[in-house]
K.L.:
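Here it is, the structure in full.
This one's a predicted model, so the numbers in the text were calculated from it and none came from an experiment.
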Amino acid sequence: QVQLVESGGGLVQAGGSLRLSCAASGGTFRRLGLGWFRQAPGKEREFVSAIGWSGGSTYYADSVKGRFTISRDNTKNTVYLQMNSLKPEDTAVYYCAAAKYVVGRRNEYEYDYWGQGTQVTVSS
């Protein structure tokens, strides 16, 4: 069983930056495909970004491409999401997710483990 704990959310002005972290425990971290999803009030959860086992392959939603960067540190069992040039429409609860054996998946149903989420609020 893998446990995921996100941190780093908060309130930021438009144009600002935040870095989210997700610490994993209880599994073989380097063999997990990792992703970030978000859910805004009244909307469905949506894919934000994903990363492969070694960090060499990264995937982004069009809405965040060029502004967000996903990375992972397999020595610290942690995945990060650096968010720059934040916009009010980025406001959401951000979730870290892990998938066994697969990487780069954009469908939330392909992920096996989820964190509890961290709130990101971007003011205009």
K.L.:
To the nearest 0.5 Å, tell me how far Q119 CD sits from T91 OG1.
P.N.:
7.5 Å
K.L.:
Would you please name every residue forming a side chain to side chain contact (heavy atoms under 4.5 Å, CB included) with V64, sequence neighbours left out?
P.N.:
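Scan of V64 (side chain to side chain contact (heavy atoms under 4.5 Å, CB included), adjacent residues dropped) gives R38, V48, Y60, A61, R67, F68.
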K.L.:
Give, for atom CE of M83 and atom OG1 of T69, the distance between the pair rounded to the nearest 0.5 Å.
P.N.:
11.0 Å
K.L.:
For A98 and L32, work out which heavy atoms get closest and say how close.
P.N.:
CB-CD1, 4.1 Å
K.L.:
Return the minimal non-hydrogen interatomic distance between A40 and A92, and the atom names on each side.
P.N.:
N-CB, 3.8 Å
K.L.:
Less than 4.5 Å apart, side chain to side chain, heavy atoms only: is that true for W36 and I51?
P.N.:
no
K.L.:
As an exercise, state the distance from OH of Y94 to CD of E6, rounded to the nearest 0.5 Å.
P.N.:
12.5 Å
K.L.:
So how far is it from K65 NZ to T58 OG1, rounded to the nearest 0.5 Å?
P.N.:
9.5 Å
K.L.:
Compare every heavy atom of A14 with every heavy atom of P88, then report the nearest pair and how far apart it is.
P.N.:
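In this case the closest contact between P88 and A14 is CD-CB, 4.1 Å.
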K.L.:
Taking all non-hydrogen atoms of both residues, which atom of A24 and which atom of V2 are closest, and how far apart?
P.N.:
CB-CG1, 4.4 Å
K.L.:
How long is the gap from CZ on R31 to OH on Y101, to the nearest 0.5 Å?
P.N.:
10.0 Å
K.L.:
Measure the shortest side-chain to side-chain distance between C22 and L34 over non-hydrogen atoms and say whether it is less than 4.5 angstrom.
P.N.:
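No, side chains not in contact.
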K.L.:
Consider only side-chain heavy atoms of I, L, V, M, F, W and Y, link residues closer than 4.5 Å, and tell whether F37 and V103 are in one cluster.
P.N.:
yes
K.L.:
Which atoms form the tightest heavy-atom contact between S21 and T78, and what is the distance?
P.N.:
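Closest heavy-atom pair between S21 and T78: CB-CG2, 4.3 Å.
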K.L.:
What distance separates Q1 CD from Y113 OH, expressed to the nearest 0.5 Å?
P.N.:
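So the gap between those two atoms works out to 5.0 Å.
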K.L.:
Any chain of hydrophobic side-chain contacts (each under 4.5 Å) joining V122 to L20?
P.N.:
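Same hydrophobic cluster.
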K.L.:
Using a 4.5 Å cut-off on heavy atoms from C-beta on, say whether the side chain of S49 contacts that of L81.
P.N.:
yes
K.L.:
Output yes when a side-chain donor or acceptor of N74 lies under 3.5 Å from a complementary backbone atom of W53, and no otherwise.
P.N.:
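Pair found, side chain donor or acceptor close to backbone of W53.
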K.L.:
Could you see if Y95 belongs to whatever hydrophobic cluster contains F29? Use Ile, Leu, Val, Met, Phe, Trp, Tyr and a side-chain cutoff under 4.5 Å.
P.N.:
no
K.L.:
Mind checking what makes salt bridge (Lys or Arg N to Asp or Glu O under 4.0 Å) contact with E110, not counting sequence neighbours?
P.N.:
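So E110 forms a salt bridge (Lys or Arg N to Asp or Glu O under 4.0 Å) with R105.
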K.L.:
Less than 4.0 angstrom from a charged side-chain N to a carboxylate O is my criterion; do K87 and D90 meet it?
P.N.:
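Result for this pair is no, no salt bridge flagged.
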K.L.:
For R72 and G33, indicate whether the former's side chain and the latter's backbone hold a donor-acceptor pair under 3.5 Å.
P.N.:
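It does not hold such a pair.
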K.L.:
Tell me the closest heavy-atom pair linking E108 and W114, and the distance in Å.
P.N.:
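Taking every non-hydrogen atom into account, O-CZ2, 3.5 Å.
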K.L.:
Determine, using the 4.5 Å side-chain heavy-atom cutoff (strictly less than), whether L86 and Y80 are members of one ILVMFWY cluster.
P.N.:
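No, no single cluster joins them.
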K.L.:
For F47 together with Y59, are the ring centres under 6.0 Å from each other?
P.N.:
no
